[in-house]
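Below is one structure, written out as structure tokens; the observations come after it.
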Amino acid sequence: MHPKRKQRLMVALSVVVLSSATIGLIAYALSGNINLFYSPSEVASGEAPTDRKLRVGGMVVEGSVERASDRLETRFEVTDFVNSVTVTYDGILPDLFAEGEGVVATGVLGADGVVTASEVLAKHDENYMPPEVAEALEKANAGGASQ
Amino acid sequence: MWRIIHQFGSPPWVYRFCDRVIPWLLPLTMLALVVGSVWGLLYAPTDYKQGDSYRIIYIHVPTAVVSLAGYYVMAFAGLVSLVWRIKLADTAMRAAAPIGAAFTAVALITGAIWGKPTWGAWWVWDARVTSMLILFFLYVGVIALFQAYENKAVAARACAILSLVGTVNIPIIYKSVDWWYSLHQPASIKFTGESAIDASMLYPLLGMIVTFYALFALLMMLNLRQMLTEEHARSSWLVKRLAH
């Protein structure tokens, strides 16, 4: 290769490498801010802020959803399978909200450890399958559990 | 080997190449788009949780995948233009930018349309969605930067550097859902191990991804041919070719 071109190639590649390293380090330093939500364990250990709005994400605990009879208010627990946080929400939940499904709730963490949410989003997982397959899987799982 | 590579630096050869490939790639891509859409939108089964709204993946995922790959095409052309000073390479870089921007925009818009019924929000500032928006700005930035300079050789060099620096965003977009807590779900198609999407839904999706790659190549060639026609309007080879 022509020495001048070789030099230009080296300069171009070092631009890529150095800018990647810079942005990589910035992203690493800011990773706490890039995370969309806090996990219930982070809330339990006191890492989550209590003076401003925050998001808490995790799975809705099976059997934890309580709905008020006269209002829209719903109360449920969100878990990361280590710790869990109670969330109350007075509004319309997304269609995919269900027990055992992922959610991200935006709200304020009170002194009692309960998050009063102003918005609840459903976090969809990566699994896609036809209803028949889901049914068959469920049956297989139930069969396996009873044996 | 070197002769074949050198041919790609020659405008008359590339122009002739585009002229030869477009007539059969165009109908083939259109046919694949129709077949893929009908397969994905009508014949693929509904999802057990989302029902029919999941079908937007047949547009959303292919456009998103190709917008990432297209960025590498643009950045590679930028590198060649920067190092070897081949004029055709910066034409190719500029030809890729608006196509990539359009694919990224479609991915963002279809994502928003899907996000409203599924997540409950049109837009969320999570790592995946935000880095995808940055990709869109990078494509638009390359287009705008080229317009900003009077001297087109300097403009091409600036665009090449911008597109090279922007390549860092591509692995960030790809891995964002694994590195950080995001609302966007992780990838369903896995290169190693079993995919998290059922085969009956996966095959039309893979078909659409291949089709969108072909669509990108087709649009790229159409755009490149158009730009070469403008740049070489007075070149004897083009005048001769168009006279036929």
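Atom set for the values below is all heavy atoms of this structure, side chains included, hydrogens, waters and symmetry mates excluded. To find a chain, count down the sequence lines: A is the first, B the second, and so on, and within it residues start at 1. Since the structure is predicted, the reported quantities are computational estimates derived from the model, not experimental observations.
- Side-chain contact of B:Gln185 with A:Tyr128: a donor-acceptor pair under 3.5 Å is present, judged by distance alone.
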Does A:His124 form a side chain to side chain contact (heavy atoms under 4.5 Å, CB included) with B:His184? I'd like the steps, not just the answer. CA-CA 7 Å; A:His124 185 256; B:His184 195 287; over 6 Å; no
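- One finds the CZ atom of A:Arg8 at 9.5 Å from the CH2 atom of B:Trp84 (value rounded to the nearest 0.5 Å).
- The contact list for residues 167-175 of chain B toward chain A, using heavy atoms and a distance under 4.5 Å, reads B:Thr167, B:Val168, B:Ile172 by residue number.
- Between B:Leu79 and A:Leu9 the shortest side-chain heavy-atom distance falls below 4.5 Å.
- When atom types are taken as modelled, the side chain of A:Lys123 and the backbone of B:Ser182 share a donor-acceptor pair closer than 3.5 angstrom.
- For A:Ser39, the parts sitting under 4.5 Å from any heavy atom of chain B are the backbone and the side chain alike.
- The distance from the CG atom of A:Asn35 to the CH2 atom of B:Trp179 is 13.0 Å, given to the nearest 0.5 Å.
- Looking at heavy atoms from C-beta onward, B:Lys190 lies in side-chain contact with A:Glu126 at the 4.5 angstrom threshold.
- Only the side chain of B:Ile57 has a heavy atom closer than 4.5 Å to any heavy atom of chain A.
- Here the straight-line distance linking atom CG of B:Leu183 with atom CG of A:Leu121 works out to 5.5 Å at 0.5 Å rounding.
- Side-chain contact check for A:Pro130 versus B:Thr46: every heavy-atom pair is 4.5 Å or farther apart.
- At a heavy-atom cut-off of under 4.5 Å, chain A is reached by no residue from residues 203-212 of chain B.
- Heavy atoms of A:Val103 lying under 4.5 Å from chain B are absent altogether.
- Counting only residues at least two apart or in different chains, side chain to side chain donor-acceptor pair (under 3.5 Å) contacts with residues 59-73 of chain B comprise B:His60-B:Thr110.
- Inter-residue side-chain proximity for B:Tyr181 and A:Glu42 is flagged as met; some heavy-atom pair is nearer than 4.5 Å.
- Taking CD1 from B:Ile197 and CE from A:Met129, the interatomic distance works out to 11.0 Å, rounded to the nearest 0.5 Å.
- Of the two parts of B:Ala187, only the backbone, made up of N, CA, C and O, holds a non-hydrogen atom closer than 4.5 Å to a non-hydrogen atom of chain A.
- Closest non-hydrogen pair, B:Tyr48 versus A:Pro131, comes out as CB-CA, 3.7 Å.
- Of all residues spanning residues 115-129 of chain B, those with a heavy atom less than 4.5 Å away from chain A's heavy atoms are B:Pro117, B:Thr118, B:Trp119, B:Gly120, B:Ala121, B:Val124, B:Trp125, B:Asp126, B:Ala127, arranged by number.
- Annotation: the span from B:Gln50 atom CD to A:Asp95 atom CG amounts to 11.0 Å, rounded to 0.5 Å.
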